[in-house]
Structures are given as C-alpha cells and as structure tokens.
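See structure below.
In the text below, chain A, chain B and the rest are named by the order of the sequence lines, each starting its count at 1. Please read these numbers as outputs of a predicted model, since none were measured by experiment.
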Amino acid sequence: KQEVTQIPAALSVPEGENLVLNCSFTDSAIYNLQWFRQDPGKGLTSLLLIQSSQREQTSGRLNASLDKSSGRSTLYIAASQPGDSATYLCAVGDNTDKLIFGTGTRLQVFP
Amino acid sequence: EPEVTQTPSHQVTQMGQEVILRCVPISNHLYFYWYRQILGQKVEFLVSFYNNEISEKSEIFDDQFSVERPDGSNFTLKIRSTKLEDSAMYFCASRYSSGGLTDTQYFGPGTRLTVL
C-alpha cells in the first residue's frame with residue numbers, strides 16, 4: 001500500500017530564503033506526482049505536475065524534482081515571500097487514477 | 001481560467017439526514033473525483049467517475065455514499081444517512097484526458113460538511 005510522507009511537518013523562515021520541502025513515497029510504481037498549495041480552510045491549488053518519466057518541472061520560483069527509484073520528490077521555493085505561507089501537499093498518482101496525499105508541510109514566511 | 005466550483009461552501013446537517021454536495025467540473029473534462037479531508041488529517045480519495053460509471057472507490061465509500069452526473073455539467077455526492085464521522089471538507093476534482101493517467105487533477109474549493 002502506497003504511503004506518502006512529507007518532512008518537515010512545519011517550517012518557519014524569514015522572507016528571502018530559498019527552501020526545500022521533501023516528499024517520499026514507498027512504492028515507486030507511480031504515474032505522476034503533483035504538488036499542491038492549500039491555504040487555511042480553502043481548496044487545493046495545483047502548483048506542479050511531474051510525469052513519472054520526467055525528472056523535474058519548473059514554474060516561476062518553484063522547481064519540483066522527482067527521483068522515482070528512490071521514492072523522493074522535492075519542491076524548491078526560491079526567494080520565499082510572506083505570500084508563500086500555506087500548507088504544501090504532495091500527492092502521487094497511481095495506476096488506479098487516484099491521488100494519494102501526504103500530510104503536508106505547513107510553511108510560514110515572516111517579513 | 002476555467003475552474004471547478006462546488007456548492008454549498010458550508011453545509012450543516014443533523015446526524016441521520018441525507019446531504020447532497022454539488023460540483024461543476026471544468027467543462028471539457030471527462031474524469032471526476034471526490035476526496036475528503038477530516039480536520040487535521042490527510043486528503044483521502046473517495047471515488048472516481050468516468051463515462052457515467054464509478055471507476056474506482058475507496059473503502060470509505062460504502063453503501064451510504066453515491067455519486068451521480070445528473071446532467072452534462074453537474075457531479076454530485078450523496079450521503080444517505082450522515083454520521084458524526086462524516087464531518088469533513090469534501091473536495092471535487094476533475095481532469096481532462098490526453099491519454100493515460102498523466103493529467104493534472106484540478107480541485108474545487110471544497111464543501112465543509114458539519115454533522116451535529
């Protein structure tokens with residue numbers, strides 16, 4: 001059974017820092033991996049999708065990498081801003097067309 | 001930009017009552033999903049739906065739950081007899097299909113269900 005873990009659970013950094021969020025999964029037979037942002041009490045905003053055949057994807061200040069063989073993905077956020085404060089979720093897509101989510105990393109960026 | 005919408009944003013109901021949560025997926029999407037998130041816990045898959053049929057369902061999705069696409073735009077989740085433990089945020093999602101299982105799932109803003 002696929003298990004998705006995210007570390008750290010929470011992170012507090014000053015504005016301007018570059019930071020890395022980690023996601024690990026136990027079964028490497030995935031179709032894709034998505035990173036989401038969730039603001040308190042709100043829905044999920046898709047940030048990046050990495051196909052299983054890809055190594056990384058970039059969008060603006062965000063870069064996500066995928067190492068299927070080791071069961072890891074990282075989300076790199078460059079030059080963090082207070083507006084980046086949110087919970088970041090990773091989710092792996094399997095062959096049954098469902099997403100399996102991690103517990104999330106709660107990020108706070110202070111001015 | 002097209003988005004998934006959900007109504008209502010918050011639903012309060014008494015235990016044992018039936019509730020229907022509504023979703024309007026993105027118009028050219030073909031695959032539809034319901035997930036839920038109990039407060040402080042992970043987002044969990046409930047059910048996927050394609051071509052007017054359930055494709056996959058989790059062990060959570062028991063006989064108390066049903067889904068329907070009553071017309072060309074709406075996608076609903078019905079809980080027949082709500083329990084206290086059904087209190088959660090329910091998310092609808094949809095995706096286009098360019099072939100395979102590799103497309104982004106787009107999520108709605110959620111319906112917060114509170115069962116008293």
Side-chain angles (χ1 to χ4, degrees), chain A residues 1-7 9-10 23-27 29-55 57-59 62 64 66 68 73 86-106, chain B residues 1-7 9-10 21 23 26 29-51 53-61 88-112 114:
Chain A
K1 182 185 171 187
Q2 179 75 270
E3 296 286 341
V4 182
T5 306
Q6 291 185 246
I7 54 171
C23 172
S24 61
F25 45 95
T26 54
D27 186 346
I30 66 170
Y31 274 64
N32 55 46
L33 186 144
Q34 271 187 260
W35 282 94
F36 293 88
R37 169 186 172 134
Q38 184 176 30
D39 293 282
K42 304 287 187 180
L44 308 177
T45 302
S46 181
L47 299 172
L48 289 164
L49 171 76
I50 311 177
Q51 309 290 2
S52 62
S53 59
Q54 296 175 323
R55 297 285 292 183
Q57 280 287 333
T58 298
S59 175
L62 305 179
L66 174 64
K68 251 183 49 168
S73 175
T87 296
Y88 290 81
L89 303 175
C90 79
V92 299
D94 70 3
N95 64 348
T96 62
D97 195 25
K98 65 176 179 284
L99 292 176
I100 301 158
F101 283 80
T103 45
T105 293
R106 192 169 63 254
Chain B
E1 184 174 323
E3 56 184 20
V4 178
T5 59
Q6 291 184 242
T7 55
S9 57
H10 191 190
L21 310 183
C23 168
I26 295 172
H29 285 191
L30 301 176
Y31 295 81
F32 314 111
Y33 312 83
W34 285 101
Y35 293 81
R36 78 172 186 189
Q37 185 179 33
I38 294 171
L39 190 63
Q41 298 187 22
K42 291 185 180 186
V43 177
E44 303 172 287
F45 169 80
L46 292 178
V47 65
S48 58
F49 190 86
Y50 170 71
N51 199 25
E53 288 185 344
I54 290 175
S55 309
E56 184 80 15
K57 59 182 181 179
S58 73
E59 59 272 13
I60 302 168
F61 194 89
M89 182 76 98
Y90 287 80
F91 294 108
C92 173
S94 69
R95 73 175 175 92
Y96 179 64
S97 174
S98 58
L101 301 172
T102 55
D103 307 286
T104 300
Q105 291 188 22
Y106 293 92
F107 281 69
T111 292
R112 179 165 298 285
T114 302

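For the residue pair A:Trp35 and A:Ser73, the shortest heavy atom distance occurs at NE1-OG, 3.1 Å.
For the set A:Gly102, A:Ala91, A:Gly93, the count of heavy-atom pairs under 4.5 angstrom toward chain B peaks at A:Gly102. With respect to chain A, the highest number of heavy-atom pairs below 4.5 Å among B:Gly108, B:Ser48, B:Pro109 belongs to B:Pro109.
In this structure, chain A has heavy atoms under 4.5 Å from both the backbone and the side chain of B:Gln105. Both the backbone and the side chain of A:Thr103 come within less than 4.5 Å of a heavy atom of chain B. Looking at A:Lys42, the atoms closer than 4.5 Å to chain B (heavy atoms on both sides) all sit in the backbone: N, CA, C or O. Neither the backbone nor the side chain of A:Leu48 comes within contact range of chain B; no heavy atom of the residue lies under 4.5 Å from a heavy atom of that chain.
Inspection of the A:Gln34 and A:Ser46 side chains reveals an N or O donor paired with an N or O acceptor under 3.5 Å.
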Quiz item: Step by step, would you call B:Glu3 with B:Tyr106 a side-chain contact (heavy atoms from CB on, under 4.5 Å)?
Solution: CA-CA 8 Å; B:Glu3 56 184 20; B:Tyr106 293 92; over 6 Å; no
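Evaluation of the ring-ring contact (aromatic ring centres under 6.0 Å, His included) rule for B:Phe45 yields B:Tyr35 as partners, not counting sequence neighbours. With sequence neighbours excluded, the residues that form a side-chain hydrogen bond (donor to acceptor under 3.5 Å, both in side chains) with A:Gln38 are B:Gln37.
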